[in-house]
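Just follow the structure's listing: the first ligand is 1, and inside any ligand the first atom is 1.
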Amino acid sequence: MNFIMNIPGLKGVIPTRFEDVGGVIRIYAEIERKVQRCPVCQNRTSSVHDYRIQKIHHLKWFERQTQIFYKRRRYACSCGKRFSEKNPIVQRYQRTSIEWNQAILIRAVKGKTFKETGENYGVSATTIVRRFDQLALSEIRPVEDLPSVIAIDEYKGDTREGKYQLIIADAVTRKPIDILPNRYKKTIKHYLQKHGSQVQMVVMDMSQSFKAAVQSALGRPVIIADRFHFCRYIH
Ligand SMILES: [Zn+2]
């Protein structure tokens, strides 16, 4: 008997078997067979060409590493095109689930170090850095004007560009807005001169000289607060 999963990241997924292999949870899964529209000729087809088993790294379940063995269905169209079904688990050419990718982006931004995040998610720090680089570019929209209250945090990332990166966030919603490749004063200066015309308050726990650099980049008086006082202020 199959049931359709209704949990975040695996909505619509049908697990066919669970296994525990040396402490790693394997979820064998497929999705429902449905009529598909051919990406080439737009005709409908429900004729199955074949199946491929795809091993996907997923978020931990119950503190155990978890892999999805996704039986990915390929359909055949009468025009000759063969194509994979659309699925909620994994994007093309990826070996990690969509859910994992999203979690990693959040953790990469909010976690302490890439190394620690890697350990928590069962991959190397290098993998996290790579994901961080790719996702930071794709998920964060280009910024025009920063909001009036921003937070600047440093993050020990050890990427190609430098040991530390700067995360620019909306201090109120705490949403990351941008990531700067390093924490050189000239980088933040250039960035704030370009995007900071609306900024009135900056929340950060950085050195005095860095604070002064931020102040002078904005070219007008702004309130610079440390995180502790800002948190007390908004609560
Ligand atoms: Zn077709």
Side-chain angles (χ1 to χ4, degrees), residues 1-22 24-62 64-109 114 117-118 121-124 126-144 159-160 175-179:
M1 188 191 76
N2 287 331
F3 63 95
I4 294 187
M5 285 211 206
N6 195 25
I7 58 175
L10 295 174
K11 278 202 170 66
V13 172
I14 304 164
T16 54
R17 186 154 55 101
F18 294 93
E19 253 179 27
D20 180 334
V21 181
V24 177
I25 298 175
R26 291 183 174 186
I27 305 171
Y28 292 84
E30 55 189 58
I31 61 171
E32 217 180 340
R33 182 174 166 179
K34 304 186 217 190
V35 178
Q36 306 279 321
R37 198 177 276 279
C38 169
V40 172
C41 70
Q42 309 298 323
N43 279 332
R44 286 163 193 276
T45 177
S46 56
S47 130
V48 174
H49 175 60
D50 65 1
Y51 293 89
R52 297 273 168 89
I53 304 289
Q54 199 176 345
K55 180 177 156 185
I56 301 153
H57 194 94
H58 191 55
L59 292 178
K60 278 185 182 177
W61 269 32
F62 311 109
R64 286 162 179 79
Q65 303 296 344
T66 302
Q67 297 162 341
I68 301 171
F69 285 73
Y70 167 38
K71 191 174 171 192
R72 184 162 53 87
R73 193 178 284 113
R74 292 199 304 162
Y75 290 86
C77 176
S78 52
C79 76
K81 178 71 183 169
R82 285 153 189 182
F83 58 94
S84 287
E85 61 193 352
K86 280 211 180 74
N87 79 86
I89 308 170
V90 67
Q91 280 171 338
R92 261 183 118 173
Y93 309 123
Q94 299 264 319
R95 291 161 67 187
T96 49
S97 66
I98 293 170
E99 191 71 6
W100 190 90
N101 292 347
Q102 284 167 353
I104 281 298
L105 179 73
I106 295 164
R107 291 321 312 171
V109 172
F114 285 132
T117 305
Y121 284 85
V123 291
S124 71
T126 325
T127 302
I128 302 286
V129 170
R130 227 176 15 242
R131 307 295 312 174
F132 184 73
D133 282 354
Q134 290 166 356
L135 290 164
L137 290 174
S138 65
E139 303 248 338
I140 292 178
R141 285 183 200 95
V143 181
E144 281 307 317
T159 65
R160 287 181 305 275
K175 269 192 135 176
I177 297 170
D178 220 333
I179 293 156

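Evaluation of the salt bridge (Lys or Arg N to Asp or Glu O under 4.0 Å) rule for Arg52 yields Asp50 as partners, not counting sequence neighbours. Every ring-ring contact (aromatic ring centres under 6.0 Å, His included) that Tyr28 has, sequence neighbours left out, goes to Phe69.
Sorted by first and then second residue, the side chain to side chain donor-acceptor pair (under 3.5 Å) pairs with a member in residues 33-45 form an empty list; sequence neighbours excluded.
A donor-acceptor contact shorter than 3.5 Å links the side chain of His57 to the backbone of Tyr121. Formation of a donor-acceptor pair under 3.5 Å by the Gln67 side chain with backbone atoms of Lys55 is not found in this model.
The NE2 atom of His58 lies 6.0 Å from the CD atom of Glu99; values are rounded to the nearest 0.5 Å.
Taking distances strictly below 2.8 Å, the protein N/O/S atoms close to the Zn ion (ligand 1) are Cys38 SG, Cys41 SG, Cys77 SG, Cys79 SG.
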